Amino acid sequence: GSSGEQQLVVSAAISLSNAFEEIKAEFEKNNPDSNIIYNFAASGVLQAQIEQGAPVDVFASASEKQMDVLEERGLLVAGSRADFAQNEVVLIVPGNSVRSPANFQELVKPEVIRIAVGNPEIVPAGQYAREVLTNLGLWDKVQEKLVMAENVRQALAYVEKAEVDSGIVYYTDALISRSVVIAASAPPGSHRPIVYPIAVIRGSKEEELARRFISFILSQKGQGILQKYGFLPGSS
Amino acid sequence: MILQPLYLSLKVATASTLAVFVVGLILAIVLAKKHFPGKNVVETLVTLPLVLPPTVVGYYLLFVVGGHGLLGPLLAATQIQIIFTWVAAAIASAVVSLPLMVRTSKVAIESVDPSLEKAARTLGSPEWRVLLDVTLPLSRRGILAGVVLAFARGLGEFGATLMVAGNIPGRTQTMPLAIYSAVQTNKMGEANLLVLIMTVVSFIVLWMVNRWQREWWFRKAI
Amino acid sequence: MILQPLYLSLKVATASTLAVFVVGLILAIVLAKKHFPGKNVVETLVTLPLVLPPTVVGYYLLFVVGGHGLLGPLLAATQIQIIFTWVAAAIASAVVSLPLMVRTSKVAIESVDPSLEKAARTLGSPEWRVLLDVTLPLSRRGILAGVVLAFARGLGEFGATLMVAGNIPGRTQTMPLAIYSAVQTNKMGEANLLVLIMTVVSFIVLWMVNRWQREWWFRKAI
Amino acid sequence: MIDLTIKKKVGDFCLDVDLQVENEILVLFGPSGAGKSTILQCVAGLLTPDEGLIAIDGEKVFAATAGRMERNVPVHRRRIGYVFQNYALFPHLTVWQNIVYGVRRHPQRREMVEDMIIRMRLGGLEKRYSHQLSGGQQQRVALARALVIQPRVLLLDEPFSALDTMVREKLQQDLLHMQGQLGLSTLYVTHDVKDAFTLGDRLAIINKGKIEQIGSKEDVFDHPTSIAAARFTGTRNIFRGEVMGRDENGVVILWRGFKLWSSCAAAGTGSKVEFCIRPEEIMIMRDDRPPKEELAQNLLSGKIVRQIAKGPSISLFLKIEESDGTSGEAKLARDYDLEMALPRHVYRKLDLRVGKRVTVSLKRSALHVIGPLA
Amino acid sequence: MIDLTIKKKVGDFCLDVDLQVENEILVLFGPSGAGKSTILQCVAGLLTPDEGLIAIDGEKVFAATAGRMERNVPVHRRRIGYVFQNYALFPHLTVWQNIVYGVRRHPQRREMVEDMIIRMRLGGLEKRYSHQLSGGQQQRVALARALVIQPRVLLLDEPFSALDTMVREKLQQDLLHMQGQLGLSTLYVTHDVKDAFTLGDRLAIINKGKIEQIGSKEDVFDHPTSIAAARFTGTRNIFRGEVMGRDENGVVILWRGFKLWSSCAAAGTGSKVEFCIRPEEIMIMRDDRPPKEELAQNLLSGKIVRQIAKGPSISLFLKIEESDGTSGEAKLARDYDLEMALPRHVYRKLDLRVGKRVTVSLKRSALHVIGPLA
Ligand SMILES: Nc1ncnc2c1ncn2[C@@H]1O[C@H](COP(=O)(O)OP(=O)(O)OP(=O)(O)O)[C@@H](O)[C@H]1O
Ligand SMILES: Nc1ncnc2c1ncn2[C@@H]1O[C@H](COP(=O)(O)OP(=O)(O)OP(=O)(O)O)[C@@H](O)[C@H]1O
Ligand SMILES: [Mg+2]
Ligand SMILES: [Mg+2]
């Protein structure tokens, strides 16, 4: 960018990247002097970077956990945190599958051999999958069948390639792949709301622009774009 | 909790190193000794897994060893499942550490004084004997370096492994995965402990190799 | 769009390789020629980045070069920012490819016929000249192999890079990161294209090195 | 038996030889870089000739015509014993392991190796590695390693060059004995005239990749057929003169005003010839005694200008006086005309020294006209 | 000048020598494995002696007593020219680059290298790599590389072993010339008696890590002070007898019933002594002529049992008849008693052959009693 430009470094969960690219285009149209620079990675990685003093202005996380840690450590600009999107957990099956489970309960059936989920230790989607299965009383029964993916994309890949019989991923992830079929959504109340928080990072030199960026995302226009990619509105 | 991934890691690395040793050495020998059209291409292809990010290598491996991949029908027919087993982890490790073995051994083999190989031939040894008796023993430093690198790489392999082996606790969760998990979940205490264990284990292995190399195998010979 | 990460990758790999060449060679020389207590420890520590998953290495690197890390105060004082720059990517690449350079070169240096070094000494060369004139030229195959491996590894480096350099398109998004991003966002067409480009570029580079090695540098000398 | 007709180009060096070796020792003699080692390597199969034929004991091991290879038996099936000029010992094996290498499957290997170790005087060194051996010890290991396999052909490239006379002579006797017993065809490269004579049955002078002369050792030494052959065999005195006439026993040559008789009858009157005489065949005439009849011819007088002691013999360099009384020709670059070699006791008895004037006889029977044998 | 007093243990081999080399060529002579190369390496600094002192031109380059190192000048500052037994040419450099290596900063390097290339007859090979050279060519490059640096000390480890006589003699003359001009202290290892004699000023016989004898070459050859020295210098005939008496010129020794006169006056009557005579000093007596006065003593009769032609000379092996008429002693393992060497022309003239009975004289002046010089 040229010298007069205001640069904004936005660390965002990689699952947001498609939507955020479009938001960037819109935002920069409205703010001609600004230049959004994205850093897409897993939320945990982004958190670690911010903790170690990476020059980040805005952090958009795929899970509250990482944001909570940063908030505790006082790395957020107080009052800047907001929830900007929500997501759903869905059960997916390979596109050409015949014996696939039609709902969560059918996961216990013997013909379902493998279920791909995010690693609950690392991947937020995995934590929600665990919540859903626990709530439905299936967690212990399907333990043996679980394949812990290291990110949602990997779980998706297993289902796409039919290496597993089903997978539990975010609704938005299921949307981006044409070779998987959504079999069922998680029953309402079977997991905590899946909330995407965003906040300005302390020490940002562009705090004002950062706030403006967050406002834009929370605005109708921003929300519209997010919804196009399958996200639910931030505050229900 | 900690012993399980460690054991698995050592198992995977050992199996992978054995495979790499055999395949890599054969490749190195062929590349060092034979001249054939497209040799350069083969050499470059062998090095490729080093250039691609392991996750990508893993992604492509899925196409090969997956139940619905290239080898799918064969695997189905033989009732062998590779994906999501430690064998897959070993294969992934092997693929990414192969270039280390091949390149290092090739140089060592090429550096053997040809007049010694000639001498062995005049003493009645056919090519394969010359190889076993002279070329390989005299390249043993380089080959050993290749093996060490391959073993270390196998021990640390993570990206490709994850892809084809899955992360099935107690079954395919190797040390690197455990460390990664710990780091990701910000359990730095646990991560540090695991890294320490990994360091100590690698240290012991490498130290033994070094010692063995210095004291026994290379004791007197140049 | 595609040229940018490629250019960046080449830049990072080149810078990292240069650094690794210098540091690795010095380390290799010291390890091959000097005997000191704790040599074994140094050797193992150097190999460690190979054993640990790159992400973990990256994590530890964050502690060093991050704004709040070990070097934080120094970096702040000098107004230098490393994290989220291509320099961080180069450092990450260098750290993970150092073991390849060190191990490979060390073996090559150790394999040089000592009587040639003696001859150089009798011809008036002090140790450093012997090194430059005899030892290194005669280990050039091994050193080159180390450089090739380091370059390839640098080109493919992903985990540690992501950690310390971030994944910032146009700034720190190298090819492996671009591939990662494309795969993550399910742009498989783009991912395949990027892998293809990466393959072709690596292929060209490796092929040129091979050719150069065979046709020019090693043309006549053993 | 080795039968060899080959052509081989290495860089700008061309080898073109045709040799037959019966069950004998054929010595390859010639200047450095003449192609001796190249010949051995071709026989062994370590170098592939461009064209030609190599047969060992009647078995064709190599054949190629005009670039088309018809047969090329690999090295390891040629059953040759090769002692390399640079030894090529296996550095990762001990002396014992080096020697046993070629016979490690042989049931009697233990005895065979022990026998070799005793022959080669390597006792006590069995467990040493080659870098722990002296040059001569290495050479003996190389010899042992090649001999123990009981080859059908021996290729020896200066196998005794690093050995002292005592060990060398003992090993040579052993070698002669072994060769005689097994009737091995042997190609033996050496630079030492004594070695060549002691061991060789026949001698081939190699020069610039070609065979300059081949024949029995006495023939080659006494009757070189070319200047190069004469030079390489140590015939120091090579001159050019004109045949003036002949009698039933030979010819008389005019050289610098002197008439010199030679027993060779090869050349015709009036022709320019090269002739030569070995330094040890030049006899000093004693003033106090009349010349014996066989030495009465070919007398020259000259002054000793230089002398070099060479152990048991002494080399004297003579400047002769021209028949017209003047001394020497200006055009000659070297400061002497004749080189002669005397046993030390003769030198002492005659009280010779630099500056002294002596009369010498170029013994007629030893004055050899260079050229194809008649 | 080299001043050397060192002890060095390598494996179970012990070197313990004390040598002074003036501005001369000192030849190290001795059997394979005696420690000759080890001495050179110590002088060069490539091996560190366990204790002792080495001074070059008065400068102390090494000193250590009882394990404490006082001084050890590194190799590259000792300014020595070392020709290695195995050449040790740099394989990655051409002939030119090998030779220029030691003088690459010298302003006249071009001329110096060109000069060396001409001297060593390496013209046309400048751009070759060492594996493209023959053995002798490699050796000459090694020589050139060591000589071109104009060292203050020369260490030559069999530098001519792979060269033919012609080139060898030319290079030896060059070396002598250079050495004479620069007054270089030179240690020269060779196994060749002729080379030793041609080049050496003094001679040191090394055996089992010790100096067996050191002195002028004539002294060492003619008056060996130990059996080993006698043996290594080629004094083939070594016997044991008892001193019976003496006159003003020497002693008379009783040996197997014969009375043999020697000019050495070293030993006392009644003592057992070893004595020796070189093969070329044994003279054949002619039946047709009365023995000359200096040969009239020490006459023995015997039969030729074996003969070996060695080029210009012929070795004859004699079994002598005992004074009481019986032939030989049963206890002797070898089948002959005397070895003698004759020039070929004498051999031919006397019509000798195996089986013939001859009378020989062990020349009194050449019959040497072994032991410290009187
Ligand atoms: N690779 C090569 N390229 C060019 N010329 C070569 C090559 N190898 C050998 N030669 C030349 O071939 C010739 C014959 O070499 P060869 O080793 O047979 O000589 P040689 O008779 O054994 O000499 P020496 O007595 O010195 O060992 C030499 O002049 C050498 O320079
Ligand atoms: N590393 C070693 N370990 C044990 N013994 C050794 C070692 N190096 C050399 N020797 C022994 O030291 C002795 C002297 O070796 P050196 O090379 O000096 O002999 P040399 O007189 O040069 O013999 P040559 O004429 O055969 O070259 C030899 O008997 C050799 O076996
Ligand atoms: Mg040769
Ligand atoms: Mg030696």
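Bear in mind that the values here come from a model prediction, so they are computed numbers and not experimental data. To find a chain, count down the sequence lines: A is the first, B the second, and so on, and within it residues start at 1.
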Quiz item: Measuring from C/Glu157:CD to B/Leu50:CG, what's the distance to the nearest 0.5 Å?
Solution: 10.5 Å

Quiz prompt | Closest contact, heavy atoms only, B/Ser111 versus C/Arg141 | solution = OG-CD, 3.7 Å

Quiz item: Counting only heavy atoms not in B/Phe21, do more than 12 sit closer than 6.0 Å to its CZ atom?
Solution: no

Quiz item: Can you tell me how far the OG1 atom of B/Thr104 sits from the CG atom of C/Leu149, to the nearest 0.5 Å?
Solution: 5.5 Å

Exercise. Examine whether an atom of B/Val41 lies under 4.5 Å from a heavy atom of chain C, and if so say whether it belongs to the side chain, the backbone or both; otherwise answer neither.
Key: both

Quiz item: Do B/Val51 and C/Phe203 come close enough that some side-chain heavy atom pair is under 4.5 Å?
Solution: no

Exercise. Of all the heavy-atom pairs spanning B/Val107 and C/Ala145, show the shortest one and how long it is.
Key: CG2-CB, 3.5 Å

Exercise. Give, as side chain, backbone, both or neither, the part of C/Ile179 having an atom under 4.5 angstrom from any heavy atom of chain B.
Key: side chain

Exercise. Just jot down the salt bridge (Lys or Arg N to Asp or Glu O under 4.0 Å) partners of C/Lys11, sequence neighbours excluded, or say none.
Key: none

Quiz prompt | Euclidean distance, B/Leu48 CG relative to C/Met198 CE, rounded to 0.5 Å | solution = 8.5 Å

Quiz prompt | Validation row: C/Tyr59, B/Val195 side chains within 4.5 angstrom (heavy atoms) | solution = no

Quiz item: Can you name the closest pair of heavy atoms from B/Thr44 and C/Ser202 and give their distance?
Solution: CG2-O, 4.2 Å

Quiz item: Does the side chain of B/Phe151 reach to within under 4.5 Å of the side chain of C/Thr47, using non-hydrogen atoms?
Solution: no

Self-check item: Segment of C/Met208 engaging chain B (4.5 angstrom heavy-atom cut-off)
Solution: neither

Quiz item: For the atom pair CG (B/Leu45) and CG (C/Leu206), what is the distance rounded to the nearest 0.5 Å?
Solution: 9.5 Å

Quiz item: What's the spacing between B/Leu52 CG and C/Thr199 OG1 if we round to 0.5 Å?
Solution: 5.0 Å

